[in-house]
Amino acid sequence: MWFVRRFLSSVVYRGHYAGQSGLLLRPRYGSLPADLELRYLQCTCCWRSRVPVAGFETLNAALTSSSSSSSSLSPESCKEDGRTTLDACYTSEQRDAILQLLNNATSAEMASVKLLRGRKSLNIVEYRTKHGPFKTLESVVNVPLLKHKSAVIVFNSIVNPVKKERKVRIQLAKFIRPEVDRSWLEDATSIVSLVCGTNKIAWAHVDREMTVLEWKQKECPNFLKGTYMASSYLNDVSTVVSVLPSADFYLIEKPAISVQNTALFPIMAHMRTVEALLFALLEPKISPPEPNIPPRVLNMMRTAVGRHFDLIVGESRTSGAQVVRQLMTESVTQKFPRINVPQELLAKYRNYFQMGSRRGGEELCDALLQAVAFYELLTDSSC
């Protein structure tokens with residue numbers, strides 16, 4: 001994930017400019033068409049780059065429009081506000097098709113429907129066995145783990161099945177350590193994704209419905225400062241752990257730092273120290289260990305997250321700020337975004353990842369992307 005210093009200020013120029021496409025071109029600022037984007041190559045573990053502002057005009061406009069729009073609701077939107085039932089959002093033929101599948105398909109047959117792989121499909125079978133067949137779409141939300149938003153996604157997937165060209169899947173065991181039973185991960189109601197930087201720790205608390213519950217970072221003044229002091233590291237990490245929200249699992253980013261570059265030994269030792277302290281402080285003390293209780297703290301491979309969002313260039317990972325800006329924009333412009341970011345967090349971070357910003361938002365970006373990748377890779381993984 002490291003590259004030669006002369007490339008640190010190079011720019012990935014995506015798109016065609018003046019009839020040509022190129023990599024590591026440096027066009028003059030102000031001369032690019034508005035629809036072209038700049039991406040800066042960098043090592044986000046220990047080096048901060050500027051990130052472009054492109055895309056925030058859309059987010060700002062969407063936020064303004066969202067706050068000033070009327071509260072009227074069309075039946076097609078299927079919003080959960082108590083005024084429009086799920087049954088009113090679909091035609092009679094669509095309702096019949098949805099109920100036919102939910103009332104007759106086995107859990108294995110429901111695996112092809114989006115969000116119905118694993119525990120949710122089993123819950124549907126158990127619920128209809130106990131209470132009888134579903135008579136309305138609205139009654140489906142009584143099934144555990146199938147809230148209103150998830151039910152809409154399931155119904156739409158049944159009505160409009162989409163055959164996707166599947167990517168080469170990343171096996172579960174390749175991006176999560178230690179290996180845990182898949183059912184434990186699928187039953188988790190929320191996770192906290194943690195990313196360590198050289199002077200801060202960031203985290204994103206995301207629930208199973210892909211809603212951001214908390215998104216913060218905290219400065220750690222004793223990181224990489226002067227003579228290494230274990231007690232100082234413990235104090236900084238303990239302060240962070242004391243304010244972390246409760247969750248089923250804590251995901252700690254596992255950076256891919258080459259041990260062949262001796263100049264990076266201080267950075268590697270720093271990352272490993274913080275990682276070890278987080279594991280020690282977050283894992284509950286159970287004595288003697290019980291085999292049926294899963295570990296609460298897991299590692300997630302940084303390279304797997306980078307590949308999932310197409311952020312790998314060569315052997316290095318580029319900034320995820322552009323992807324995060326897009327996710328934030330989609331949260332207020334799309335009916336079913338990949339992740340739902342609350343209005344207050346959108347307002348707080350709407351201009352946080354701009355070009356020239358010295359706020360150091362890379363850890364925040366990486367924490368959110370790691371959480372999104374976890375849920376999406378877990379859903380798509382075939383293992």
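If you read the sequence from its start, that first residue is 1, and numbering goes on from there.
Nearest heavy-atom pair across Ser246 and Ser190 is O-OG, 4.1 Å. Of all heavy-atom pairs between Leu369 and Phe309, the closest is O-CE1, 3.3 Å. Looking at every heavy atom in both residues, Leu298 comes nearest to Phe279 through C-CZ, 4.0 Å. Between Tyr127 and Asn142, the closest heavy-atom pair is OH-CB, 3.3 Å. Val332 and Gln343 get closest at one heavy-atom pair: CG1-OE1, 4.4 Å. The two residues Ile312 and Gly306 make their nearest non-hydrogen contact at CG1-C, 3.7 Å.
The side chain to side chain contact (heavy atoms under 4.5 Å, CB included) test with Ile339 is passed by exactly one of Thr211, Val324, Val206: Val206. Residue Asp248 forms a side chain to side chain contact (heavy atoms under 4.5 Å, CB included) with just one option from Asp187, Leu185, Thr189, and that option is Thr189.
Between Lys335 and Val152 the shortest side-chain heavy-atom distance does not fall below 4.5 Å. For the pair Val140/Phe155, a side-chain contact is recorded, criterion being any heavy-atom separation below 4.5 Å from C-beta on. The closest side-chain heavy-atom distance from Thr198 to Phe223 is not below 4.5 Å. Side-chain atoms of Leu116 and Leu102, non-hydrogen and from C-beta on, do get closer than 4.5 Å to each other. In this structure, Val212 and Leu368 have side chains that are in contact, with non-hydrogen atoms separated by less than 4.5 Å.
Here the OG atom belonging to Ser121 is positioned 10.5 Å from the CG atom belonging to Leu145, to the nearest 0.5 angstrom. Between the CZ atom of Phe175 and the CE atom of Met300 there is a distance of 5.0 Å, given to the nearest 0.5 Å.
For the pair Ser331 (side chain) and Leu327 (backbone), a donor-acceptor distance under 3.5 Å is absent. Not one N or O on the side chain of Asn123 forms a donor-acceptor pair closer than 3.5 Å with the backbone of Val143. Formation of a donor-acceptor pair under 3.5 Å by the Glu330 side chain with backbone atoms of Pro337 is not found in this model. The backbone N or O of Ile201 sits nowhere less than 3.5 Å from a side-chain atom of Glu363 that would complete a donor-acceptor pair. His270 contributes a side-chain N or O that, together with a main-chain N or O of Gly197, makes up a donor-acceptor pair within less than 3.5 Å. Looking only at distances, no side-chain donor or acceptor of Ser238 sits under 3.5 Å from a matching main-chain atom of Asn235.
Look at Arg317 and Asp366 and you find a salt bridge, because one of the NZ, NE, NH1 or NH2 atoms lies within 4.0 Å of a carboxylate O, short of that distance. Classification of Glu186 and Arg182 as a salt-bridged pair holds, one side-chain N sitting under 4.0 Å from a carboxylate O.
A single hydrophobic cluster is seen to contain both Leu281 and Met271, as judged by linkage of ILVMFWY side chains at heavy-atom distances under 4.5 Å, directly or through other members. Under the 4.5 Å side-chain heavy-atom criterion for Ile, Leu, Val, Met, Phe, Trp and Tyr, Val243 and Leu278 are members of the same hydrophobic cluster.
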Just do the side-chain contact (heavy atoms from CB on, under 4.5 Å) check on Ile267 and Leu224 with the steps written out, would you? CA-CA 8 Å; Ile267 299 295; Leu224 291 174; 3.9 Å; yes
Could you please spell out the steps behind the side-chain contact (heavy atoms from CB on, under 4.5 Å) verdict for Asn340 and Lys149? CA-CA 11 Å; Asn340 302 284; Lys149 191 179 302 180; 3.2 Å; yes
Between Gln322 and Gln326, is a side chain to side chain donor-acceptor pair (under 3.5 Å) present by the stated rule, with each step listed? CA-CA 6 Å; Gln322 177 65 29; Gln326 183 64 29; 4.9 Å; no
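Counted by atom type alone, Tyr90 and Asp96 present zero donor-acceptor pairs between their side chains at under 3.5 Å.
When the side-chain hydrogen bond (donor to acceptor under 3.5 Å, both in side chains) test is applied to Ser150, the partners found at least two apart in sequence or on another chain are Glu209.
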